[in-house]
Asker: 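Questions regarding the structure given below will be posed in turn.
Numbered from 1 within each chain, the chains take letters A, B, ... in sequence-line order.
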Number of protein chains: 2
Amino acid sequence: MATIKDVAKEAGVSIATVSRVINNVGKVGEKTRSNVIAIMNKLGYTPDANARALKTQKSSTIGVVIPDISDPFFSSLANGVEEVASSKNMQMLLSTGKMSAESELKAINLLVEQRCDAIVLHSKFLSDDVLVSLSDKIPGLIFIDRFIDEVSDKCIWLDNFEGGKIAARHLLALEHKNVAFINSNYDIDDPKLRLGGFEEIVKSFDLSINSKLKVNNEPTLKGGELAAQELLAQAENFTSVFAYNDAMAIGAISVFEDNGYKVPNDISIIGFDDVLLSKYSRPKLTTLRYPIAEMANHAAQRAIDYSSNDVPLKSELKYIPSLVKRESTTRLIRG
Amino acid sequence: MATIKDVAKEAGVSIATVSRVINNVGKVGEKTRSNVIAIMNKLGYTPDANARALKTQKSSTIGVVIPDISDPFFSSLANGVEEVASSKNMQMLLSTGKMSAESELKAINLLVEQRCDAIVLHSKFLSDDVLVSLSDKIPGLIFIDRFIDEVSDKCIWLDNFEGGKIAARHLLALEHKNVAFINSNYDIDDPKLRLGGFEEIVKSFDLSINSKLKVNNEPTLKGGELAAQELLAQAENFTSVFAYNDAMAIGAISVFEDNGYKVPNDISIIGFDDVLLSKYSRPKLTTLRYPIAEMANHAAQRAIDYSSNDVPLKSELKYIPSLVKRESTTRLIRG
DNA sequence: CTGAAAGCGCTAACAG
DNA sequence: CTGTTAGCGCTTTCAG
């Protein structure tokens with residue numbers, strides 16, 4: 001692979017001059033410039049980003065840590081970051097944090113080794129303490145989908161509690177009194193918050209959720225199916241369901257329908273996330289929109305700002321999910 | 001950020017020694033080693049991958065270019081690459097090639113600047129010539145979803161023609177005589193090949209596709225809806241549809257059902273890709289499985305082999321899609 | 001307008 | 001077992 005030296009020699013100039021034309025800085029004679037460019041093309045010269053990064057101490061690189069790229073929610077997140085990366089001519093590095101503190105840490109470490117200027121981190125398993133000390137070490141580090149008080153300026157997050165409340169209000173406004181809750185069984189905050197918000201509203205209506213109608217499972221299609229089966233097995237009345245996410249909601253719908261219940265006429269169901277799937281499913285899923293791509297976009301911008309010591313624009317870091325009314329919920333039909 | 005020099009000074013040893021403990025090579029006294037490690041932790045030292053890459057001329061980095069991460073098909077591809085990256089402690093760089101030759105080229109160039117050891121390239125818009133010359137320049141470059149004769153050893157691809165044949169055989173075996181074809185309107189090979197294979201089998205049954213029943217649109221959910229409307233507007237008989245991909249198939253299903261046709265009883269429909277969606281849709285979609293994650297895995301492996309001058313194991317580079325029978329196709333019910 | 005030279009952080013002989 | 005040193009490819013003063 002040709003180096004700057006090869007180009008300089010072939011063009012009969014110094015490497016300083018070549019560097020100037022590469023970066024389009026300083027004064028270079030028009031003839032020299034065009035000659036150098038010609039030689040670069042001839043030699044197929046491509047600058048070495050590693051050498052450049054070493055010298056300048058900036059890598060033009062932005063890292064992202066997510067648990068799993070193939071999950072549509074996280075690929076939207078990655079997409080949001082990628083948009084700003086490519087708009088700034090930066091390169092995106094992707095590391096997967098799987099589902100453990102250990103691999104999250106490893107993923108970040110790889111990114112730090114690469115000296116990413118900015119990093120967008122989705123971490124659910126590392127403790128606040130670890131994250132705070134990471135934040136001290138890495139100026140351009142932004143946390144997404146997580147709120148930590150000590151570093152609140154670095155957190156872009158969604159109000160899950162409020163999400164739960166919105167879902168509850170929607171179902172109750174549709175006159176459903178017997179609500180069920182299909183939750184994720186992951187030991188992280190989000191499921192607790194969504195349930196918390198949901199229950200708060202339910203209680204404010206002087207109602208409650210039958211504890212047999214609160215079931216947990218993996219936050220996946222399959223988990224939703226299993227949870228729905230469990231719900232049906234309880235032989236308790238319910239006319240509406242709040243599912244932790246769209247995947248679970250869709251799994252649940254298929255079980256309900258296979259058991260002869262119509263959605264939404266017999267059972268209304270609302271999901272969370274508004275991933276692509278919710279539009280593809282039939283009936284189309286009513287859900288709460290989680291604007292993850294915008295949030296990721298914002299996070300990436302902000303990470304870059306911090307990394308370059310720009311003061312980020314004042315902006316709201318908390319996002320509120322919004323209700324997307326589609327076909328899977330309807331007013332209670334009285335028997 | 002602490003450097004190797006800082007660590008050496010603080011530990012009272014030479015940088016060579018520090019380097020040895022970092023890389024765990026050569027002989028280092030047990031006491032020295034543990035002391036150095038302690039200092040590294042104390043200083044929060046993280047080696048600089050750029051400096052290392054510059055020196056060793058290996059970046060431990062694998063690049064991928066895909067048009068769009070948020071598309072589930074491509075995120076599966078990325079996921080396949082990521083698996084091998086993390087298993088080899090390499091870092092994955094992702095560049096999006098959008099949908100134009102220009103941006104594909106730009107994406108690759110960014111990866112070359114980063115001196116990725118291996119690159120998995122999904123290109124549909126660059127010409128064979130350009131790709132071949134790229135291949136000459138970059139040893140660890142593998143093409144995925146593309147076949148180019150001159151560099152056939154570097155191509156991991158799916159036999160789209162055969163896919164069309166399999167779909168046709170399936171529909172015809174179900175006794176459908178009036179088949180429709182919803183195709184992608186992209187000017188790339190895949191749509192032509194799938195149609196070609198499909199028609200070959202149809203003809204071999206002494207049948208043909210009514211040309212009014214061949215419609216094109218964007219290969220998306222929306223495109224599938226529009227195509228289905230167009231099909232319905234033809235007022236021609238058809239009892240089965242082969243859709244270019246799952247997204248189009250699902251879009252078409254929703255239009256058919258909204259117009260009072262039952263799938264599969266009135267209209268059978270088969271998709272292509274077997275992306276996650278196909279399991280989530282109702283009825284569950286019969287489709288052709290495109291083993292993109294395995295292919296990407298294979299491609300990444302092979303790219304790494306080539307980049308390190310290992311001779312890759314002899315292996316089949318051509319993949320054949322396989323029929324996944326679910327609920328959206330059924331035997332023709334005679335009126 | 002152009003060149004010489006230092007040095008970014010690291011690895012890998014080589015010498016001891 | 002440990003240290004010295006050259007140099008990877010590039011940018012950036014500083015001279016000229």
Asker: Quick check for you: name the first and last nucleotides of DNA chain C, 5' to 3', having an atom under 4.0 Å from a heavy atom of chain A.
Answerer: dC1(C) to dG9(C)
Asker: Can you sort out the partners of Asp153(A) under salt bridge (charged side-chain N to carboxylate O under 4.0 Å, His left out), two or more places apart, ordered by chain and number?
Answerer: none
Asker: Do we see a donor-acceptor contact under 3.5 Å between the side chains of Asp129(B) and Ser127(B)?
Answerer: no
Asker: Would you call Lys124(A) and Asp190(A) a salt bridge, using N to O less than 4.0 angstrom?
Answerer: yes
Asker: Expected output is a numbered-order residue list: members of residues 45-60 of chain A with a heavy atom under 4.0 Å from any atom of DNA chain C. What is it?
Answerer: Leu54(A), Lys55(A), Gln57(A)
Asker: Under a plain distance cut-off of 3.5 Å, with no hydrogens placed, do Glu104(A) and Ser123(A) share a side-chain donor-acceptor pair?
Answerer: yes
Asker: State whether Arg146(A) and Asp128(A) are salt-bridged, where the test is any N-O pair (Lys NZ or Arg NE/NH1/NH2 against Asp/Glu carboxylate O) under 4.0 Å.
Answerer: yes
Asker: Walk me through whether Arg33(B) and Asn24(B) qualify under side-chain hydrogen bond (donor to acceptor under 3.5 Å, both in side chains).
Answerer: CA-CA 9 Å; Arg33(B) 152 164 282 117; Asn24(B) 206 25; 3.3 Å; yes
Asker: Ser75(B): what forms a side-chain hydrogen bond (donor to acceptor under 3.5 Å, both in side chains) with it, not counting sequence neighbours?
Answerer: none
Asker: Between Arg115(B) and Arg20(B), just flag the one whose closest nucleotide in DNA chain D comes earlier from the 5' side.
Answerer: Arg20(B)
Asker: Can you pull the salt bridge (charged side-chain N to carboxylate O under 4.0 Å, His left out) pairs that have at least one residue in residues 105-116 of chain B, sequence neighbours excluded?
Answerer: Asp48(A)-Arg115(B)
Asker: Could you give the CD-to-P distance, from Glu113(B) to dG9(D), as a whole number of Å?
Answerer: 15 Å
Asker: Any side-chain N or O of Ser19(A) under 4.0 Å from OP1/OP2 of dT12(D)?
Answerer: no
Asker: Indicate yes or no: does Lys42(A) engage Glu10(A) in a salt bridge with an N to O separation below 4.0 Å.
Answerer: yes
Asker: Are Met92(B) and Val81(B) close enough, and set up right, to give a side-chain contact (heavy atoms from CB on, under 4.5 Å), and what steps lead you there?
Answerer: CA-CA 8 Å; Met92(B) 182 173 86; Val81(B) 174; 3.8 Å; yes
Asker: Of all of residues 1-17 of chain B, which get a heavy atom below 4.0 angstrom from DNA chain C, listed by number?
Answerer: Thr3(B), Ile4(B), Lys5(B), Ile15(B), Ala16(B)
